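In what follows, chains are A, B, ... by sequence order, proteins preceding strands, each numbered from 1. Nothing here was measured: the structure is a model prediction, and the numbers come from that model.
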Protein chains: 2
Amino acid sequence: MSDDRVRATETSIRILEAIVELDGEAGITELAGHLSVAKSTIFKHLNTLESNGLVVETDDRYRIGLRALEFGGYAQRYDGVYDTAYPEVRQLAEDSGELANLMFEEGGKGVYVYTAEGPKAVDINTQTGRRVYLHATGIGKAILSTLPDERIEEIIDTHGLPAATDHTITDSGRLFDEIEQIRREGIAYDREESVEGMACLARPLSVPGPRPAAISVTGPASRVMTGETEQQLRTYLDQAGNVIELNLKG
Amino acid sequence: MSDDRVRATETSIRILEAIVELDGEAGITELAGHLSVAKSTIFKHLNTLESNGLVVETDDRYRIGLRALEFGGYAQRYDGVYDTAYPEVRQLAEDSGELANLMFEEGGKGVYVYTAEGPKAVDINTQTGRRVYLHATGIGKAILSTLPDERIEEIIDTHGLPAATDHTITDSGRLFDEIEQIRREGIAYDREESVEGMACLARPLSVPGPRPAAISVTGPASRVMTGETEQQLRTYLDQAGNVIELNLKG
DNA sequence: GGGCCCGTTTCGCGTGAGAAAACATAGAAA
DNA sequence: TTTCTATGTTTTCTCACGCGAAACGGGCCC
């Protein structure tokens with residue numbers, strides 16, 4: 001593996017990131033300051049990005065262009081899992097009343113690829129495309145459970161085990177214990193490990209192709225983790241997962 | 001307006017486009033051939049894109065990475081219109097039973113930003129992020145109707161009026177006539193102008209911010225354009241539009 | 001009118017983007 | 001087995017171009 005890079009491309013990408021960091025909108029001088037790069041450089045890059053639709057300008061303010069969404073769409077639908085899974089995830093949201101999610105793993109992180117809100121769903125911050133640590137959410141741990149141990153080690157080495165709440169698993173040993181349990185039981189729990197007050201039930205998906213996936217139901221810990229509802233949710237979750245896996249085989 | 005560009009960035013973008021053109025997956029030599037660029041160049045660019053998550057590699061095959069989806073998400077949600085509109089568009093799909101869409105204009109083209117399928121919806125090719133000509137669809141014409149005439153001329157100059165079917169409007173005069181009518185009546189029709197056999201009712205959205213938007217219902221011409229259902233659909237469409245506009249004001 | 005703060009443009013330097021070709025590896029063919 | 005041919009990878013070289021610094025010009029507010 002060589003680390004030959006194209007600096008100019010990297011600069012362009014950093015500009016995109018900077019726009020996001022500056023609340024989705026920024027001017028040239030602002031970006032130059034933020035990135036410590038000459039204004040003229042920013043100017044040329046924005047010109048290039050704009051004429052390719054990756055950036056849009058209104059009144060000298062630049063924002064991310066919808067062209068990015070087009071590329072993102074291809075990433076989303078790459079292996080067909082998204083297409084067969086999302087209707088079931090939607091159904092899962094309806095049945096459970098809560099928030100239901102589909103996640104893929106890429107580069108050692110989890111990416112929310114589809115989220116659906118049921119009638120009772122709390123409005124939490126799970127937007128399509130959001131990247132999160134795998135160890136800190138139920139759905140992420142479900143994905144980890146499908147990976148070989150060496151790969152999990154690798155991911156821990158790269159990204160570490162930062163804490164999101166007081167309940168986040170930050171110890172590699174405990175994480176592996178829990179993953180072992182998930183492998184046995186086929187279900188992953190998240191007890192306020194990613195967001196205070198929120199819990200989640202998740203289930204790995206056995207998919208063809210190289211991209212690990214999982215689904216989950218998320219809600220207030222008070223609702224989700226009480227014995228009765230938990231059983232019910234678990235049934236819905238398993239149903240959805242089974243249907244997806246079945247359809248993928250077909 | 002200067003046309004100063006960053007060539008390297010442009011090369012990177014062309015590589016992303018090429019991956020899409022090569023059915024979403026390609027190898028280095030393949031890309032080099034497709035773009036007539038040296039293999040070593042492709043190699044370095046892919047390295048750069050990969051380490052930024054814009055491209056993912058498995059077994060020497062490269063595909064678009066989900067990082068693009070993250071950027072796309074910011075573009076989608078930029079002005080808040082998406083957030084308030086999509087639940088209503090979903091509702092519209094449920095009520096009408098057909099396919100319902102939300103579109104934004106950017107760079108003179110229309111981008112499907114959200115699509116929802118109702119119970120009877122035909123499975124047509126409207127995926128999130130897809131870019132289409134504005135003059136060739138009902139929802140696109142609805143968007144055009146919100147723009148000043150000079151801007152419309154500008155768009156015609158840039159993109160032309162290519163035909164998608166035999167019914168596509170390819171004459172600038174006729175297009176302006178129809179846009180005038182849409183402005184008066186507040187509704188746009190698409191009678192097999194973008195896809196043979198499909199029709200659509202669309203309505204412009206009056207939104208704050210710089211990004212024109214519209215919503216639509218699409219279905220088989222036989223269902224959508226018959227007097228009775230058409231009236232019904234129109235009611236649903238107007239309802240949805242009104243709710244969205246109301247919520248945006250709040 | 002005079003600051004001041006933008007985006008835009010110019011210019012020149014030094015580097016790194018890109019081509020060409022050699023190298024490595026793995027699978028297929030002989 | 002050996003050879004051939006397809007990859008991806010690495011090296012070398014060089015000229016174009018990415019980049020920074022600084023000057024320019026327009027709009028806004030005092």
Side-chain angles (χ1 to χ4, degrees), chain A residues 1-65 78 106-107 209-210, chain B residues 1-65 78 106-107 154 210:
Chain A
M1 157 73 85
S2 150
D3 55 351
D4 271 342
R5 302 277 183 84
V6 180
R7 270 196 61 177
T9 295
E10 215 129 49
T11 305
S12 281
I13 296 173
R14 287 184 59 211
I15 289 176
L16 293 177
E17 292 171 346
I19 292 176
V20 170
E21 285 163 17
L22 297 168
D23 295 319
E25 209 181 64
I28 290 183
T29 308
E30 203 177 347
L31 286 166
H34 189 77
L35 294 172
S36 308
V37 169
K39 279 199 295 179
S40 58
T41 301
I42 302 280
F43 179 75
K44 285 192 224 174
H45 279 268
L46 284 176
N47 256 342
T48 312
L49 292 170
E50 184 183 9
S51 64
N52 284 282
L54 287 175
V55 132
V56 184
E57 179 258 325
T58 321
D59 287 330
D60 288 333
R61 307 288 301 167
Y62 292 84
R63 59 178 192 271
I64 308 289
Y78 161 66
E106 233 183 61
Chain B
M1 156 73 85
S2 152
D3 54 351
D4 271 342
R5 302 277 182 82
V6 181
R7 280 191 54 147
T9 295
E10 214 128 49
T11 305
S12 280
I13 296 174
R14 287 182 60 210
I15 290 177
L16 293 177
E17 293 171 345
I19 292 176
V20 170
E21 285 163 19
L22 296 169
D23 294 320
E25 209 181 63
I28 290 182
T29 309
E30 204 177 346
L31 286 167
H34 189 76
L35 294 173
S36 308
V37 170
K39 279 200 295 180
S40 58
T41 302
I42 302 282
F43 180 75
K44 285 192 227 175
H45 279 267
L46 284 176
N47 255 343
T48 311
L49 293 170
E50 185 184 10
S51 64
N52 284 282
L54 288 175
V55 132
V56 183
E57 179 257 325
T58 323
D59 286 330
D60 286 334
R61 308 287 300 167
Y62 291 84
R63 59 178 192 271
I64 308 289
Y78 161 64
E106 234 183 58
E154 209 176 281

Just compare [options] and give me whichever is closest to any side-chain atom of [X].
| X | options | result |
| --- | --- | --- |
| A:Val6 | C:dA19, C:dA17, D:dG8 | C:dA17 |
| B:Phe43 | C:dG7, D:dT9, D:dC19 | D:dT9 |
| B:Tyr62 | D:dG18, D:dT9, C:dT10 | D:dT9 |
| B:Asp60 | C:dT10, D:dT9, C:dA17 | D:dT9 |
| B:Val37 | D:dC19, C:dA19, D:dG20 | C:dA19 |
| A:Thr29 | D:dT9, C:dC6, C:dG18 | C:dC6 |
| B:Arg7 | C:dT8, D:dG18, D:dA21 | D:dG18 |
| A:Ala8 | C:dT8, C:dA20, D:dG18 | D:dG18 |

Specify the separation, in whole Å, of atom [atom1] of [X] and atom [atom2] of [N].
| X | N | atom1 | atom2 | answer |
| --- | --- | --- | --- | --- |
| A:Ile28 | D:dG20 | CD1 | C1' | 15 Å |
| B:His34 | D:dT7 | NE2 | P | 15 Å |
| A:Ile15 | D:dC19 | CD1 | C1' | 12 Å |
| A:Glu57 | C:dC6 | CD | C1' | 13 Å |
| B:Ile42 | D:dT7 | CD1 | P | 14 Å |
| B:Glu30 | D:dT7 | CD | P | 8 Å |
| B:Leu31 | C:dG18 | CG | P | 14 Å |
| A:Asp4 | C:dG16 | CG | C1' | 10 Å |

Between B:Lys39 and B:Ile28 the two heavy atoms that sit nearest each other are O-CG2, 4.0 Å

Whether the side chain of A:Ser40 and the base of D:dA22 hold a donor-acceptor pair under 3.5 Å is what I'd like checked. no

Counting distance alone, no hydrogens or angles: does the base of C:dG7 have a donor or acceptor under 3.5 Å from a partner atom on the side chain of A:Lys39? yes

Which is more 5' along DNA chain C, the nucleotide nearest A:Lys44 or the one nearest B:His45? Just name the residue. A:Lys44

Spacing of A:Leu54 atom CG and A:Tyr62 atom OH [to the nearest 0.5 Å]: 14.0 Å

Inspect the surroundings of CZ in B:Arg61 and state if more than 12 heavy atoms from other residues, nucleotides or ligands are less than 6.0 Å away. yes

Check the pair A:Glu17 / B:Asn52 against side chain to side chain contact (heavy atoms under 4.5 Å, CB included), numbers first and verdict last. CA-CA 11 Å; A:Glu17 292 171 346; B:Asn52 284 282; 4.2 Å; yes

Positive for side-chain contact (heavy atoms from CB on, under 4.5 Å) with B:Arg63, one of B:Asp23, B:Val55, B:Thr58: B:Thr58

Within less than 4.0 Å of OP1 or OP2 of D:dG18, is there a side-chain N or O belonging to A:Thr41? no

